[in-house]
Amino acid sequence: MPRVNLRYYALLREQAGRQTETVDTAAATPAALYAELAARHGFRLPASQLRVAVNAAFCDWQRPIEDGDEIVFIPPVAGG
Amino acid sequence: MPRVNLRYYALLREQAGRQTETVDTAAATPAALYAELAARHGFRLPASQLRVAVNAAFCDWQRPIEDGDEIVFIPPVAGG
Amino acid sequence: MNAFEFSTAPVDAAALAAPLVRPAAGGFAAFEGRVRDLNEGRRVIALDYEAFEALAIEQGARIVEAAIARHGAIAGRCVHRLGPLGVGDVAVWVGVAAPHRAEAFAACREIIDAIKHRLPIWKKEHYADGDSGWVNCEHAAAHAPAAAGFDYSRQRALPEVGDAGQA
Amino acid sequence: MNAFEFSTAPVDAAALAAPLVRPAAGGFAAFEGRVRDLNEGRRVIALDYEAFEALAIEQGARIVEAAIARHGAIAGRCVHRLGPLGVGDVAVWVGVAAPHRAEAFAACREIIDAIKHRLPIWKKEHYADGDSGWVNCEHAAAHAPAAAGFDYSRQRALPEVGDAGQA
């Protein structure tokens, strides 16, 4: 199973109760991984309102997950 | 004949060779006065490209001239 | 000088503007976003910014450079604060030098709009009533999965990414 | 604080902006017009500003206050230099504080446009070739009475005065 590193920000960080975690996952895509993590941590934000970045670049929710990926789920932004 | 005080700026000041002058004039309006002064000083700017202020307020070219008026002919502006 | 930077120290507008000025720059437009005492009817007393810094810096620089090029401006930059801020503090500063005012205003406005809507930066507001919340997140989470009231315009995909980047 | 002022000293943007800031001001937009090294293809080395000060101050304050009111901004001001300036010097500074950025940008832009087109302020440019001239005047004078090339948009009547104020 791929092992991936997650980094959480803002509301997701608070709901996960941590800034980072490393997980071994059977999820094939970020979309599947988010569903898995949402169930575990009680994330209430639907994926439709998030974006996902893998290895510090925005990417598609269906991009295949690879071992060692650094994954960030991006809640609605509020800069400025 | 009314006596009026004139103040010149920019190109008109340079062409008149003075900042201020006091004139006794038979001109009934600023329009007539400008024609008189243009002939005297060689102003080349047509009145159609000027505005006129009397007693520090923009006014109509046909406003009757009164004794003691402070008159400024305003060349095309270029602030900023 | 990076076109987009984060800072944990107060913004010094004059120091930020200085390197943007050139003899050909007839116009310089700047914008400061400040912490208001009121947001959506609630009394705000303080807030915290956090960001996915690596991605925001890279995307922020692209936003600035694209706006400068698109509008024919000369130079621009943006600095965004991180960490705790109080009411009246400058949260974000944008400055653009251009040959004339039209290009300076247009590029400056485009940059601040994109910075606010597209960069991975988050803001937690602390209210006078003791409550607090992540702006644009709490409402969306509370209304999931319907999320009827969420403003999707604030969560657009980057042009470089396209809609495919959005779930 | 007057909403419009002249200055013979260099503009201190931070000092000018300070009194405009309020807890309700989420956006602050500023514009600086600087002396360019090039105007209409001619190399500029210096210039002189002069103004009909009493009238410009009164009309300038009206322009600022009308723009603030029209756009729902909070406070604004403008300072214009007089006398000799060199390339790169700030000739005019406009700052506007508003609840949000849209009002700040709109009012700031309206003010600088009106200041440039409507106030009795004149600029004499000195060129690298030794020549000099009053901007917007020389061409008009040289082409009188036809004046075909003159940009009438730069010499509009104030709304308060109307076209009747124009000869």
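Letters go in sequence order (proteins before strands), and every chain restarts at 1. No hydrogens, no waters, no symmetry mates; every other heavy atom, side chains included, goes into these values.
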Scan the side chains in residues 89-100 of chain D for donor-acceptor partners under 3.5 Å anywhere in the protein, sequence neighbours excluded, and list what turns up.
residue   : atom : partner   : partner atom : Å
Asp89(D)  : OD2  : Gly86(D)  : N            : 2.8
His100(D) : ND1  : Glu103(D) : OE2          : 3.4
His100(D) : NE2  : Arg36(C)  : NH1          : 3.1

Value rounded to 0.5 Å, distance of SG in Cys108(C) from CZ in Arg109(D): 12.0 Å

Mutual orientation of the aromatic rings belonging to Phe105(C) and Phe105(D) [parallel < 30°, tilted 30-60°, perpendicular > 60°]: perpendicular

Interface residue of largest heavy-atom contact number with chain C, from Ala102(D), Ala104(D), Ala13(D), under 4.5 Å: Ala102(D)

Neighbours of chain C found in residues 16-28 of chain D - heavy atoms under 4.5 Å: Val21(D), Pro23(D), Ala24(D), Ala25(D), Gly26(D), Gly27(D), Phe28(D)

Neighbourhood of chain D inside residues 67-80 of chain C, taking heavy atoms under 4.5 Å as contact: none

Test side-chain contact (heavy atoms from CB on, under 4.5 Å) applied to Asn2(C) - qualifying residues, sequence neighbours left out: Glu5(C)

Structural part of Ala14(D) lying under 4.5 Å from a heavy atom of chain C: neither

Contacting region of Val87(D) [heavy-atom separation from chain C under 4.5 Å]: side chain

